[in-house]
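Beneath this line is the structure, given in C-alpha cells, with notes to follow.
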Amino acid sequence: MSALNEFKKGLWAESPVFVLLLGMCPTMATSTTVMNGLGMGIAATFVLLGSNLFVSLLRKVIPDKIRIPCFIVVIATFVTIVDLMMSAYLPDLHKVLGVFVPLIVVNCIILARAEAFAYKNNVLNSVMDGLGMGIGFTLALIILATIREPIATGRILNAPDFGFGGLALFPAKFAAGLISQPVGGFMTLGFVLAAINGLANRKKMRQDAACGCPAPKEV
Amino acid sequence: MKEMMVILLSTILVNNYMLARIMGTCPFIGVSNQFETATGMAAAVIFVMSLASAVTWLVQNYLLNPLNLGFLQTVAFILVIAALVQLIEMIILKMSPSLYRGLGIYLPLITTNCAVLGVAVINIRDGYNFIEAVFSGTGGGIGFALVLIAMAALREKLNTAPVAKSFKGFPLTLIITAQMAMAFLGFSGFNLEKLFGL
C-alpha cells in the first residue's frame with residue numbers, strides 16, 4: 001500500500017505549492033483563469049510523470065556527480081514534447097501561457113522530485129509520487145484560479161480553446177481586472193497561504209485547549 | 001543608443017521580471033530575508049543574466065537556426081545556462097577568491113532562476129539583435145536586483161514588527177510584493193519612446 005501513500009501525500013499533506021512552497025512563478029503567473037491553471041497543471045503533471053519515470057529507470061546508470069545535468073536533459077525533453085503538442089492542439093492556451101511553457105524546465109517542483117525522490121526510489125513509487133505531486137500542483141492552481149477569475153472578469157470557466165465563453169456570475173463592469181495582473185497573483189497566494197496557516201494554527205490550538213493565547217486573526 | 005536606453009529602462013521599470021512577469025520568485029523569497037545575502041545574489045543575477053542573454057542569442061542564431069534545430073531551443077538553452085553558470089563559478093574561483101566567497105554559493109542557485117531562461121527565450125521571441133539582447137538581459141538583471149534589495153531592506157525592518165501569526169513570513173512577503181508590483185504598475189504609464197524622442 002506504500003505506493004498509494006506516495007500518491008496521496010502530494011495532494012494536500014505535502015502539497016508542492018501550499019506546503020513545500022515550490023514552483024511559485026508558474027503558480028502565480030498562470031492561475032488567471034481556471035482553464036489556464038488546468039492547462040498549466042496538466043502540462044506540468046505530464047512532465048513530472050515522465051521525468052520521475054525516466055530518472056527512476058536510469059537511477060543506477062546516472063553517475064552521481066553529473067546527475068543534475070542528466071535530470072535537466074530528461075526534463076527539458078519532456079517539456080519540448082509538451083510545448084510542441086500544445087502549440088499544435090491547443091494554440092490559444094499555448095499563446096496565453098507563452099513563455100511559461102518552456103519555463104516548466106526550471107519549475108523547482110520537477111527538479112526537486114527528481115533529486116529528492118525518483119533518484120532514490122523504485123519505478124512504481126516514483127510514478128505515483130510524480131502523479132500525486134502533479135495533481136497537487138494542479139489543485140493549487142485551480143484553487144487560486146477559482147478565486148481570481150471571477151473577481152477579475154465576472155465569469156468563470158472561460159475556455160476559448162473549446163469555444164465556451166464561461167458562466168457569468170456578475171456584470172463585467174463590477175470586475176476588478178487588477179486581480180488577473182501579477183499584483184493579484186501575489187496577493188491571492190499571500191492571503192490563501194495565510195488562511196491555510198490560520199486554519200492549521202486554530203486546529204493546533206483546539207488540540208491543546210489549555211493554551212490561553214488569543215485566537216489568530218482570520219482572513 | 002536611444003533604443004538601447006529604452007530597452008534598458010523598460011526592462012528595469014516597466015517590464016520588471018519579478019513584478020510584471022513573475023519570474024524568479026523562488027530566489028526572491030529565498031534570499032530576501034537578509035540584506036547582505038540579497039546584495040550578493042543581486043550582483044550574481046545581473047552578471048549571469050547579461051552573459052546568458054549574449055551566449056543564448058549566439059547559440060540560437062549561429063547554431064540552431066542554420067541547422068534547422070529550432071525545436072531544441074529549450075534543451076539547448078537550459079544546458080548552455082547550466083554550463084555557463086558552472087564555468088563562471090570556476091573562473092571566479094581562480095580569479096578572485098574573495099569575490100567567490102561573496103557570490104559563490106548563489107551561483108548554482110541561479111540555474112533554476114526562471115528569469116535567466118525567461119530572458120533568453122523572450123530575447124529570441126521578440127526578435128532582438130545581439131546588442132539589444134545584451135541590454136535586455138542586463139536591464140532584466142538590474143530590475144531584479146533593484147526589487148530584491150528593496151525587499152531585503154523591508155524585511156529586515158519587518159522582523160521586529162508585531163505581525164499576526166498566520167501572516168508571519170511567507171504570506172506577508174507575498175502581500176508586500178503585491179504592493180510593490182502595484183507601485184511599479186505606475187511605470188507602465190511611462191511613454192519611454194516619447195521620453196527619448198524616438
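Chain letters run A, B, ... following the sequence lines, proteins first, then strands; residues in each count from 1.
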>> Suppose we screen for side chain to side chain contact (heavy atoms under 4.5 Å, CB included). Which residues come up paired with B:T56, at least two apart in sequence or across chains?
In response: B:F77, B:V80, B:I81, B:A120
>> Ring centres under 6.0 Å, that's the criterion: do A:F71 and A:Y119 meet it?
In response: yes
> Do B:N123 and B:S136 have a side chain donor and acceptor closer than 3.5 Å?
Replying inline: yes
> By a 4.5 Å heavy-atom criterion (distance strictly below it), what part of A:I196 contacts chain B: side chain, backbone, both, or neither?
Replying inline: neither
>> What I want to find out is whether A:R67 reaches A:E115 closely enough, with some N-O distance under 4.0 Å, to be called a salt bridge.
In response: yes
>> Any side-chain to backbone donor/acceptor pair from A:R148 onto A:Q181? Under 3.5 Å, distance only.
In response: yes
> For A:V105, is it the side chain, the backbone, both or neither that has a heavy atom under 4.5 Å from a heavy atom of chain B?
Replying inline: side chain
>> If the contact rule is any heavy atom under 4.5 Å from chain A, which residues of residues 5-32 of chain B qualify, in numerical order?
In response: B:M18, B:L19, B:A20, B:R21, B:I22, B:M23, B:G24, B:T25, B:C26
> Given the options B:I78, B:V121, B:L72, which has more heavy-atom pairs under 4.5 Å with chain A than any of the others?
Replying inline: B:I78
> Does any heavy atom of chain B fall under 4.5 Å from the side chain of A:L178, the backbone, both, or neither of them?
Replying inline: side chain
>> Checking B:Q60 against B:N65: is there a side-chain donor and acceptor pair closer than 3.5 Å?
In response: yes
> Which bit of A:I75 comes within less than 4.5 Å of chain B, counting heavy atoms only: side chain, backbone, both or neither?
Replying inline: neither
> Given a strict heavy-atom distance threshold of 4.5 Å, which part of B:L117 is in contact with chain A: side chain, backbone, both, or neither?
Replying inline: both
>> Counting heavy-atom pairs under 4.5 Å with chain B, which one of A:N197, A:L193, A:V183 comes out on top?
In response: A:V183
> Between A:A76, A:G185, A:P182, which has the largest tally of heavy atom pairs under 4.5 Å with chain B?
Replying inline: A:P182
> Under a 4.5 Å cut-off applied to non-hydrogen side-chain atoms, are B:Y100 and B:E89 in contact?
Replying inline: yes
>> What I'd like to find out is whether the side chain of B:L148 reaches to under 4.5 Å of the side chain of B:M41, using heavy atoms alone.
In response: yes
> Is any side-chain heavy atom of A:F54 less than 4.5 Å from a side-chain heavy atom of A:T77?
Replying inline: no
> Just wondering, do B:V45 and B:M49 contact through their side chains at under 4.5 Å, heavy atoms?
Replying inline: yes
